[in-house]
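Working notes for the structure below.
For the numbers below, each heavy atom of this structure counts, side chains included, while hydrogens, waters and symmetry mates do not. Whatever order the structure lists ligands and atoms in, that order sets their numbers, starting from 1.
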Amino acid sequence: MQALRQALTLRSRAFSYGRRLFHANPRLLINVGDAIPDVEVQEGSPGNKLSIAKELPKGKALIIGVPGAFSPGCSAIHIPGYIKHAAKLPPTYVVTVNDSFVTKAWSENLPEATKSKIRFIADPSGKFTEAMGMDVDLSAFFGNKRSKRYVIIVEDGKVKEIFTEPDNTSVNVSKAENVLPSLG
Ligand code: BEZ
């Protein structure tokens, strides 16, 4: 009887510990089948607000999250890889946790980016990135919280496939050559 009571107490403690953990960590990584969160972001200027979720078309789209505008990996490798294949991409949104002025200047600085239909979206508050569970502390590089490097294939407004860099910042699993075959 005492053993049973002890087991029940332990189970109850584990349960409430788990609940505490859950509440302490409410933002979960977005998953396959989830809807893209409806969070306000900006394009081109602070006044030009939009919600990617509300704009997503029927069919496929790409959301590309990057740690920072103008960072070497983003500017020299990651985004140029997508620009190179822009003609065959579905509607594509590059999201950066920078202000809209920096994000716009970055897009204008990337060869061929403004000619492509790729859209450069600013998430200056980081709220979209947080809602996706893609925020990460990159203080060592940028001095604050940023975005993991990821690509999401969206279909009919829902997550179809996720490519997140395991170390948050490299350009491997999320590079264009790796993602494009999954677009079909
Ligand atoms: C980059 O080169 O894109 C980068 C470097 C350090 C941290 C995050 C990104």
Side-chain angles (χ1 to χ4, degrees), residues 25-32 34 36-37 39-46 50 52 61-154 159-183:
N25 231 340
R27 274 181 266 111
L28 297 178
L29 190 61
I30 196 159
N31 224 327
V32 171
D34 290 347
I36 297 301
V39 178
E40 194 174 85
V41 287
Q42 304 171 3
E43 184 175 23
S45 67
L50 68 143
I52 295 173
L62 273 188
I63 299 177
I64 305 175
V66 295
F70 290 103
S71 78
C74 302
S75 294
I77 308 167
H78 198 207
I79 302 309
Y82 286 90
I83 293 172
K84 195 169 139 195
H85 299 283
K88 51 180 186 261
L89 295 181
T92 297
Y93 302 81
V94 173
V95 182
T96 177
V97 188
N98 291 99
D99 66 70
S100 59
F101 302 116
V102 167
T103 305
K104 182 165 185 270
W106 181 45
S107 71
E108 290 168 353
N109 191 257
L110 285 168
E112 305 294 315
T114 48
K115 281 195 217 145
S116 77
K117 289 203 173 122
I118 296 174
R119 294 172 65 179
F120 288 79
I121 305 298
D123 178 26
S125 68
K127 285 186 179 151
F128 174 81
T129 301
E130 278 183 8
M132 301 274 277
M134 290 293 185
D135 54 307
V136 61
D137 184 355
L138 291 179
S139 300
F141 301 99
F142 300 103
N144 52 15
K145 261 172 63 167
R146 292 296 179 111
S147 171
K148 299 178 188 206
R149 192 185 301 284
Y150 68 91
V151 175
I152 290 182
I153 298 179
V154 181
V159 175
K160 183 158 188 280
E161 200 166 342
I162 306 175
F163 304 80
T164 312
E165 295 297 341
D167 70 355
N168 300 318
T169 59
S170 293
V171 189
N172 292 312
V173 301
S174 67
K175 67 183 175 196
E177 289 70 20
N178 196 45
V179 173
L180 295 191
S182 296
L183 273 173

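For Leu138, no nitrogen or oxygen atom sits less than 3.5 Å from a nitrogen or oxygen atom of ligand 1, counting backbone and side chain alike. The shortest N or O to N or O distance between Thr169 and ligand 1 is not below 3.5 Å.
The ligand atoms of ligand 1 that sit less than 4.0 angstrom from a heavy atom of Cys74 are 3 (O). Using a 4.0 Å cut-off to heavy atoms of Gly73, the atoms of ligand 1 that qualify are 1 (C), 2 (O), 3 (O).
In the model, Ser75 has a side-chain atom that pairs as donor or acceptor with a side-chain atom of Trp106 under 3.5 Å. Inspection of the Thr103 and Asn98 side chains reveals no N or O donor paired with an N or O acceptor under 3.5 Å. With no hydrogens or angles considered, no side-chain donor-acceptor pair links Glu165 and Ser170 at under 3.5 Å.
Salt-bridge check for Lys145 with Asp137: failed, with every basic side-chain N at 4.0 Å or more from each acidic carboxylate O.
The closest protein non-hydrogen atom to atom 6 (C) of ligand 1 is Phe141 CD2, 3.4 Å. What sits closest to atom 3 (O) of ligand 1 on the protein, heavy atoms only, is Ser71 OG, 2.5 Å.
At a threshold of 4.5 Å between non-hydrogen side-chain atoms, the residues Asn172 and Asn178 do not count as touching.
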Test salt bridge (Lys or Arg N to Asp or Glu O under 4.0 Å) on Glu112 and Lys115 and set out the steps.
CA-CA 5 Å; Glu112 305 294 315; Lys115 281 195 217 145; 3.4 Å; yes

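Here Arg149 has side-chain heavy atoms under 4.0 Å from ligand 1, and that is the only part of it that gets that close.
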